[in-house]
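What follows is one structure encoded as structure tokens, with my remarks underneath.
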Number of protein chains: 2
Amino acid sequence: MADTVRWLTPEEQRAWRGFVRLQERLGGRLGRLLQSESNVSPADFAVLVHLTDVPEGRQRYQDLARALEWEKSRMSHHIARMAGRGLVVREECAEDARGAFVVITDAGRAAIEAAAPRHVEAVRALFIDHVTPAELRVLTEISERVLRNLDEEAG
Amino acid sequence: MADTVRWLTPEEQRAWRGFVRLQERLGGRLGRLLQSESNVSPADFAVLVHLTDVPEGRQRYQDLARALEWEKSRMSHHIARMAGRGLVVREECAEDARGAFVVITDAGRAAIEAAAPRHVEAVRALFIDHVTPAELRVLTEISERVLRNLDEEAG
DNA sequence: TCTAAGCAGTTGATACATCATCTACAGGAG
DNA sequence: CTCCTGTAGATGATGTATCAACTGCTTAGA
């Protein structure tokens, strides 16, 4: 651990700190809006959005976890909480007795239908509307490149 | 709530999802590396970095909270945990009996000095090295513009 | 000087994420 | 059929974030 560390240059540091802070502040703000206006957490929102995109609003824990890139344990705990609030129900799986399905309820559909428009408006008002199309393309390009690298570079 | 919602275009959606996923994946990975290689959480890291940047490694809860943009409650809980592990100590304040200082310990300095180089290398390897200087400038520009707007647009 | 406003930090409750461990079942090799 | 390995998901412990009170101290203002 000699002095061979390539510390960040001032520009790199500024970019990195700005990016980190953006995540924290924007994510925090959007999350709080979601929670206070629609009474769902960002995690609830992700689950509900995904379930409305899937036949019969019904999917195996496993597949849901893969789609959201969550750990199975997180999924299990989170679905238990959401089921407690009536947004989804757990359903046994006939074909594989180990497995189970998560199914969105009417209350879950109502919640997501109420939350989504507000959330999208917030994403626009707080983010998209302040970024030009060209900048947005750069951002997409960066995100996808870095994500691709993360995928390769070990799980 | 009529059908006047301006949903995201496919490009916008791709950009937004990529950005959100980048946060989650990159943040998660860097956090886990920090934790497993250096035994400090990202939050610990932020506190320690800030304290090494300040005279005598010593600052009021309040000022620390402002600098990191944390709530005072979070600060209080977190410092209590860090103090439990010997990374910082709490110190009463003579001038204002309500207040208190957070002071970094030798163990805290040792921890951050061990963690920082690895963390910087990880930030480079997983992010900076995959982004061109021009892209980095765009990212900085976007971040700062959006953050500025968040500041104005209410607390 | 007394009081009311409000600031600094704490505390307890609740929700969330991760980890290690555990149970039950599935599917293949012998 | 009987193991044996692996998979699906559950569970409990720990650490973390947020919210809503709450305590004790300060300070401005009547």
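Letters A, B, ... are given to chains in the order of the sequence lines, protein chains preceding strands, and every chain is numbered from 1. Given the structure is predicted, the values throughout are model-derived calculations rather than measurements. These values consider heavy atoms only, across backbone and side chains, with no hydrogens, waters or symmetry-generated copies.
Residue pairs meeting the salt bridge (Lys or Arg N to Asp or Glu O under 4.0 Å) criterion with at least one member in residues 44-57 of chain B, sequence neighbours excluded: B/D44-B/R85.
Residues satisfying the salt bridge (Lys or Arg N to Asp or Glu O under 4.0 Å) criterion with A/R98, sequence neighbours excluded, are A/D96. Judged as a salt bridge (Lys or Arg N to Asp or Glu O under 4.0 Å), and not counting sequence neighbours, A/E24 has no contacts. Evaluation of the side chain to side chain contact (heavy atoms under 4.5 Å, CB included) rule for A/V131 yields A/F127, A/E135, A/L136, B/I142, B/V146 as partners, not counting sequence neighbours. Shown here are the ring pair (Phe, Tyr, Trp, His ring centres under 6.0 Å) partners of B/H119, two or more places apart in sequence or in another chain: B/F45. Partners of B/D63 under the side chain to side chain contact (heavy atoms under 4.5 Å, CB included) rule, at least two apart in sequence or in another chain, are B/Q59, B/R60, B/R66. With sequence neighbours left out, B/H77 forms a side-chain hydrogen bond (donor to acceptor under 3.5 Å, both in side chains) with no residue at all. Evaluation of the side chain to side chain contact (heavy atoms under 4.5 Å, CB included) rule for B/A94 yields no partner, not counting sequence neighbours. Applying the side-chain hydrogen bond (donor to acceptor under 3.5 Å, both in side chains) rule to A/E37 yields no partners; only residues at least two apart in sequence or on another chain are considered.
Contacts between residues 50-58 of chain B and DNA chain C, defined by a heavy-atom separation below 4.0 Å, involve no residue at all. Residues from residues 80-89 of chain B that place a heavy atom under 4.0 Å from any atom of DNA chain C: there are none.
Counting all heavy atoms, side chain and backbone alike, A/R74 lies closest to A/A43 at NH2-CB, 4.2 Å.
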Distances under 3.5 Å between protein N/O atoms and the N/O atoms of nucleotides 18-25 of chain C, please, pair by pair.
unit_1: C/dT18; atom_1: O4; unit_2: A/H77; atom_2: NE2; d: 3.3
unit_1: C/dC19; atom_1: OP2; unit_2: A/E71; atom_2: OE2; d: 3.0
unit_1: C/dC19; atom_1: N4; unit_2: A/S73; atom_2: OG; d: 2.5

